[in-house]
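Report on one structure; see the data block that follows.
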Amino acid sequence: MKKHAIIPVFIPHKGCPNDCVFCNQKKITARSGGVTMEDVKNTIETYLSTLEKSSVETIEIAFFGGSFTGIPIEEQSAFLSVAKKYKDSGRIHKIHMSTRPDYINEEILDNLKKYGADTIELGVQSFDDEILKKAGRGHDSKIVYRSSRLIQDYGFELGIQLMIGLPGDTMEASLYSARETVKIGPQIARLYPTIVINDTELYNMYRRGEYEPLSQEEALSRTKAMYQIIDDAGINIIRVGLKSSDLINENGEISGNTYHPAFRQLVEGEIARDRIQAQLDALSLGNPVGGGFDRRGRTKVDVFSCPESFSNMVGHKACNKTYFAGKYSNLSFAFRTDGELEPNRYRVAVKE
């Protein structure tokens with residue numbers, strides 16, 4: 001049984017006064033056009049026609065595509081009233097939206113509470129003020145702390161979205177953002193390596209030689225380090241990297257080499273490899289000399305994960321299986337599942 005499903009409702013933010021260098025909101029808005037209440041109902045009904053047959057435990061309506069709380073509050077109320085009817089009837093369970101840290105105040109939160117909203121994600125991007133300035137965010141990091149505390153004080157579930165590789169970003173700044181996220185203590189987080197999308201100021205900077213996108217290797221390295229800080233704090237990381245369906249076209253609207261359709265699996269696969277490697281090292285399985293091996297044959301080693309993390313354990317396109325088989329010619333690996341293990345946790349056992 002699938003535990004959780006999101007019904008995405010895209011609400012373009014009309015007339016956003018900010019010019020973030022990475023955003024192509026004008027293009028998105030032009031492509032999406034106006035969204036009516038009937039459009040929202042049709043979207044929800046289309047998803048529910050499948051979800052209600054699959055016994056999903058939790059279904060959320062999520063307002064994405066812009067800064068939801070930045071649209072006029074009357075429009076917010078109109079969209080929320082549709083979602084609330086579905087929640088009150090029991091057909092959906094939660095109402096979720098994303099917005100900017102500087103579009104949060106008591107009036108907005110009072111209204112969200114009135115319509116039964118549950119989760120508010122903030123597009124924080126970075127906790128470094130210089131990076132925020134270079135990205136054209138229009139606010140500094142102080143508003144992030146104030147908005148986060150206000151959201152938490154109202155009893156909403158808080159989410160924080162971070163970007164990696166914005167102009168001026170470094171590994172140190174990325175790790176700082178991850179640690180500050182942990183200090184705030186949201187329930188959920190998203191990690192987005194910066195993608196250079198055409199028709200943005202970042203694209204113009206890239207063309208002028210003023211900005212160099214991260215290599216895929218560096219994007220993986222930084223994201224992996226941030227992921228482990230946030231994951232170790234018990235924060236649920238619900239997205240790593242953009243999907244091709246996130247209002248971009250990977251075949252003609254992306255420049256640079258950061259984008260990968262399976263970026264999350266690349267990150268989690270590398271983390272799995274590191275964690276398995278550490279256990280092999282601790283068991284002295286990396287050196288056959290004096291390592292207690294059966295010299296009559298290869299030592300058999302089982303590596304376990306929960307079913308959910310099996311693909312991460314073996315790696316993208318089985319790269320981890322290939323890695324361990326090539327590095328340890330004296331070992332025979334078998335990759336298995338153990339339902340008692342938590343996600344992204346692994347166990348190595350030598351077979352007697």
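Along the sequence shown, residues carry numbers from 1.
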Should the pair [X] and [Y] be classed as cation-pi, given the thresholds of under 6.0 Å to the six-membered ring centre and 45° from the axis?
| X | Y | value |
| --- | --- | --- |
| Arg273 | Tyr323 | yes |
| Arg347 | Phe304 | yes |
| Lys113 | Phe156 | yes |
| Arg100 | Tyr103 | yes |

Quiz item: For the residue pair Leu162 and Ser126, what are the closest heavy atoms and their distance?
Solution: CD2-N, 4.4 Å
Quiz prompt | Least distance between heavy atoms, Lys94 atom then Asp118 atom | solution = CA-OD2, 3.1 Å
Quiz item: Can you list every salt bridge (charged side-chain N to carboxylate O under 4.0 Å, His left out) pair that touches residues 186-195, not counting sequence neighbours?
Solution: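 Every salt bridge (charged side-chain N to carboxylate O under 4.0 Å, His left out) pair that includes a residue of residues 186-195, provided the two are not neighbours, is Glu121-Arg190.
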Self-check item: Aromatic plane relationship, Phe64 with His96 - under 30° parallel, 30 to 60° tilted, over 60° perpendicular
Solution: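 Geometry flag for Phe64 against His96: perpendicular rings.
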Quiz item: Given His4 and Glu60, is the side-chain hydrogen bond (donor to acceptor under 3.5 Å, both in side chains) satisfied, shown in steps?
Solution: CA-CA 8 Å; His4 185 244; Glu60 293 188 16; 2.9 Å; yes
Quiz item: Looking only at atom types and distance, does a side-chain atom of Arg275 sit under 3.5 Å from a main-chain N or O of Asn344, one as donor and one as acceptor?
Solution: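 Between the backbone of Asn344 and the side chain of Arg275 there is a qualifying donor-acceptor contact (under 3.5 Å).
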Exercise. Decide, yes or no, whether a salt bridge links Arg222 with Glu218 under the criterion of side-chain N to carboxylate O below 4.0 Å.
Key: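 So Arg222 pairs with Glu218 through a salt bridge.
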Practice problem: Among Val82, Leu80, Val9, find the one that has a side chain to side chain contact (heavy atoms under 4.5 Å, CB included) with Ile61. | Solution: Val9
Exercise. Would you please indicate yes or no on a ring centroid separation below 6.0 angstrom for Tyr206 and Tyr211?
Key: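 Centroid separation for Tyr211 and Tyr206: 6.0 Å or greater.
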Quiz item: Quick check, are the ring centers of Phe63 and Phe10 under 6.0 angstrom apart?
Solution: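 For Phe63 and Phe10, the ring centres are not under 6.0 Å apart.
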